[in-house]
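Here's the structure, in structure tokens; my notes come after.
By convention here, the first residue in the shown sequence is residue 1. From a predicted model like this one, the values you see are computed outputs, not experimental measurements.
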Amino acid sequence: MTYPTSVKLVDVGPRDGLQNEKQPVPAAVKVELVHRLQAAGLKNIEVTSFVSPKWVPQMADNAEVMAGISRHGDVCYSVLTPNMQGFEAALKTRPGEIVVFGAASEAFSQKNINCSIEESIERFRPVAGAALAQGISVRGAISCAVGCPYEGDVAPDRVAMVARLMKDIGVQHVGVADTIGVGTPVKVQRALEAALKHYEISGVSGHFHDTYGQALANTLASLELGIWQFDTSVAGLGGCPYAKGATGNVASEDVVYMLHGMGIETGIDLDLLIDAGKFISDALGRKPHSRAANALITKRAA
Ligand code: HMG
Ligand code: MG
């Protein structure tokens, strides 16, 4: 077994991270966070989502945030688009990638996007087609790939089924998401292997929430399968409004610390990433939810 020599991280903090904040976060703060992430070397940033502002009020400033970013030519800015209405609004803001988000659990699909898995694919089909026609990359998220807050354990065949459906409609890449962070390494490997039945290794990434403290172990287990792309969230921000109690994604700082310690390249400057995490945590009035960041901040002060 050999680990990948370099890893691509998508920082989902501005979207997955901030979507769950109860207090409104000003668009200017979100823009500054994106600027700090790109200054730290992130080449992929999930900025916002084009969903109903009634469902997720925190993302209502999507167009304002996208318009406020000073873009770098080598950075891909992604946005979530659940349907054509979201895609049409997103298109005006020139995203580099759009994300359709489905689930391996029927109950979660209903709670999160108000339709069945099958209906969601029919909503995603024209979105994927229109994005590809415009030269915009299309990623798909498969939520509840190991467990669901409503249905409990989720079998790997459900992940394989959704991966196949996404592949059929032209989705280029799928993220295997442990929405509520219940997965453990071997279960996560089974879910990734299910997605790998339909996608090449370069077409599959890991998206692990850290509710049960398993996300770093799950990241390592994914690396063992050769997976080299992950969604992570600066300062461990976040959670899903439709998965009560679920905490944020694995902190980007913790993943970068682990990868650099293993000699795996990320292109990210950990110090600047920690500053970005400190910036947003200060704005939210709390400490970064990252063990590595807090340890290194303490060390700096000493
Ligand atoms: P719906 O009610 O089924 O949609 O919602 P509809 O087509 O029947 O429209 C109803 C109303 O919503 C209408 O407004 C539409 O205009 C509006 P009204 O006439 O009542 O004033 N609407 C929209 N507005 C703005 N943007 C849109 C849009 N579409 C309809 N795109 C919908 C369906 C998907 C929109 C809704 O269920 C929704 O917004 N859900 C929010 C889902 C969400 O953002 N969840 C969190 C992100 S996913 C996540 O975090 C998981 C992930 O991180 C991976 C993981 O960890 O698992 C990706
Ligand atoms: Mg998520």
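- One hydrophobic cluster holds both Leu270 and Ile280 under the rule that ILVMFWY side chains link at heavy-atom gaps under 4.5 Å.
- For Arg94, the CZ atom sits in a loose shell: 12 or fewer heavy atoms of surrounding residues, nucleotides or ligands are nearer than 6.0 Å.
- When side chains are defined from C-beta on, Pro95 counts as touching Val79, because their heavy atoms get closer than 4.5 Å.
- At distances below 3.5 Å, at least one donor-acceptor pair connects side-chain atoms of His35 with backbone N or O atoms of Ser70.
- Looking at Asn294 and Pro288, their side chains come closer than 4.5 Å, going by heavy atoms from C-beta outward.
- In this structure, a donor-acceptor pair under 3.5 Å is present between the side chains of Asp254 and Ser290.
- Two residues are said to be in side-chain contact when any heavy atoms from C-beta on lie closer than 4.5 Å; Phe108 and Glu151 fail this criterion.
- The environment of Glu119 atom CD is dense: over 12 non-hydrogen atoms of other residues, nucleotides or ligands sit within 6.0 angstrom.
- Closest approach of Leu42 and Leu9 over heavy atoms only: CD1-O, 3.6 Å.
- Contact annotation: the side chain of Ser205 never approaches that of Ser222 to less than 4.5 Å [non-hydrogen atoms, C-beta and beyond].
- Thr179 places no side-chain N or O within 3.5 Å of a backbone atom of Ser143 that could act as its donor or acceptor partner.
- Within a 6.0 Å sphere centred on CD of Glu122, other residues, nucleotides and ligands contribute more than 12 heavy atoms.
- Shortest non-hydrogen contact noted between Ala131 and Val138 is CB-CG2, 3.6 Å.
- Side chain of Glu106 to main chain of Ile117: a donor-acceptor pair is present (N/O by atom type, distance under 3.5 Å, no hydrogens or angles).
- The same ILVMFWY cluster, assembled from side-chain heavy atoms under 4.5 Å apart, contains both Ile297 and Leu284.
- Atom OH of Tyr257 sits in a sparse spot, with 12 or fewer heavy atoms from other residues, nucleotides or ligands closer than 6.0 Å.
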Inset, instruction - Check step by step if side chain to side chain contact (heavy atoms under 4.5 Å, CB included) holds for Arg139 and Val10. - result: CA-CA 12 Å; Arg139 178 152 56 89; Val10 180; 3.9 Å; yes

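- Taking the side chain as every heavy atom from C-beta outward, Tyr3 and Ile264 approach each other to under 4.5 Å.
- Proximity of a side-chain donor or acceptor of Gln85 to a complementary backbone N or O of Asn83 within less than 3.5 Å is not detected.
- The distance from atom CD1 of Ile69 to atom CD of Glu64, rounded to the nearest 0.5 Å, is 11.5 Å.
- Counting only heavy atoms from C-beta outward, the side chains of Met59 and Leu18 approach each other to under 4.5 Å.
- Of the inter-residue distances, the one linking Met262 atom CE with Leu223 atom CG reads 5.5 Å to the nearest 0.5 angstrom.
- If you check the side chains of Ser252 and Asp11, you find a donor sitting under 3.5 Å from an acceptor.
- Glu97 approaches Cys76 most closely through the heavy-atom pair CB-SG, 3.7 Å.
- Looking at Thr266 and His260, their side chains come closer than 4.5 Å, going by heavy atoms from C-beta outward.
- Listed here is the closest heavy atom pair of Val159 and Ala194: CB-CB, 4.0 Å.
- Within the 3.5 Å criterion, the main-chain N or O of Leu272 finds a donor-acceptor partner in the side chain of Asp269.
- Hydrophobic clustering (side-chain heavy atoms under 4.5 Å, transitive across Ile, Leu, Val, Met, Phe, Trp, Tyr) groups Met258 together with Val188.
- A donor-acceptor contact closer than 3.5 angstrom is absent between the side chains of His207 and Asp178.
- Exactly one of Glu46, Gln38, Arg71 qualifies for a side-chain hydrogen bond (donor to acceptor under 3.5 Å, both in side chains) with Tyr77. That residue is Gln38.
- Residue Gln58 is tested with Gln23, Lys30, Gln19 for a side-chain hydrogen bond (donor to acceptor under 3.5 Å, both in side chains); the sole match is Lys30.
- Between Ser78 atom OG and Asp231 atom CG the span is 8.5 Å, to the nearest 0.5 Å.
- Counting only distance, with no hydrogens or angles, the side chain of Ser109 and the backbone of Cys115 share a donor-acceptor pair below 3.5 Å.
- Counting heavy atoms of neighbouring residues, nucleotides and ligands inside a 6.0 Å radius, atom NE2 of His289 does not exceed 12 of them.
- Phe50 CZ to Leu80 CG: the interatomic distance, rounded to the nearest 0.5 Å, is 10.0 Å.
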Inset, instruction - Before giving the answer on side chain to side chain contact (heavy atoms under 4.5 Å, CB included), spell out for Tyr150 and Lys111 the whole-Å C-alpha distance, their side-chain angles and the decisive distance to 0.1 Å. - result: CA-CA 9 Å; Tyr150 312 103; Lys111 296 274 185 194; 3.5 Å; yes

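- Shown here for Pro53 and Ala60, the closest heavy-atom pair between the two residues is CB-CB, 3.9 Å.
- Between the Asp157 side chain and the Met161 main chain, no donor and acceptor come within less than 3.5 Å of each other.
- Listed for the Thr81 side chain is no donor-acceptor partner under 3.5 Å among the backbone atoms of Ile98.
- Side chain of Tyr199 to backbone of Lys167: a donor-acceptor contact under 3.5 angstrom is found.
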Legend entry - Candidate pair Ile227 and Leu192, rule side chain to side chain contact (heavy atoms under 4.5 Å, CB included), full reasoning: CA-CA 9 Å; Ile227 299 289; Leu192 290 164; 4.1 Å; yes

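- Under the 4.5 Å side-chain criterion, counting only non-hydrogen atoms from C-beta, Ser116 is in contact with Gln110.
- The closest donor-acceptor contact from the side chain of Ser281 to the backbone of Lys278 lies at 3.5 Å or more, if one exists at all.
- Hydrophobic cluster membership is shared by Leu216 and Ile274, with clusters built from Ile, Leu, Val, Met, Phe, Trp and Tyr side chains linked at under 4.5 angstrom.
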Inset, instruction - Please step through side chain to side chain contact (heavy atoms under 4.5 Å, CB included) for the pair Gln229 and His173, ending with a clear verdict. - result: CA-CA 10 Å; Gln229 297 169 90; His173 178 110; 3.5 Å; yes

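- The hydrophobic cluster containing Val12 does not contain Val204, counting ILVMFWY residues as joined when their side-chain heavy atoms lie under 4.5 angstrom apart, directly or transitively.
- Put simply, NE2 on His209 and CD1 on Ile180 are 10.5 Å apart, with the number rounded to the nearest 0.5 Å.
- Among pairs with a residue in residues 284-296, those fulfilling salt bridge (charged side-chain N to carboxylate O under 4.0 Å, His left out) read Glu21-Arg286, at least two apart in sequence or across chains.
- Expressed to the nearest 0.5 Å, how far CG of Leu225 lies from CG of Leu196 amounts to 7.0 Å.
- Nearest approach of Asn218 to Pro185, heavy atoms of both residues: OD1-N, 3.0 Å.
- Arg300 has a carboxylate O that lies under 4.0 Å from a charged side-chain N of Asp275, or vice versa, which qualifies the two as a salt bridge.
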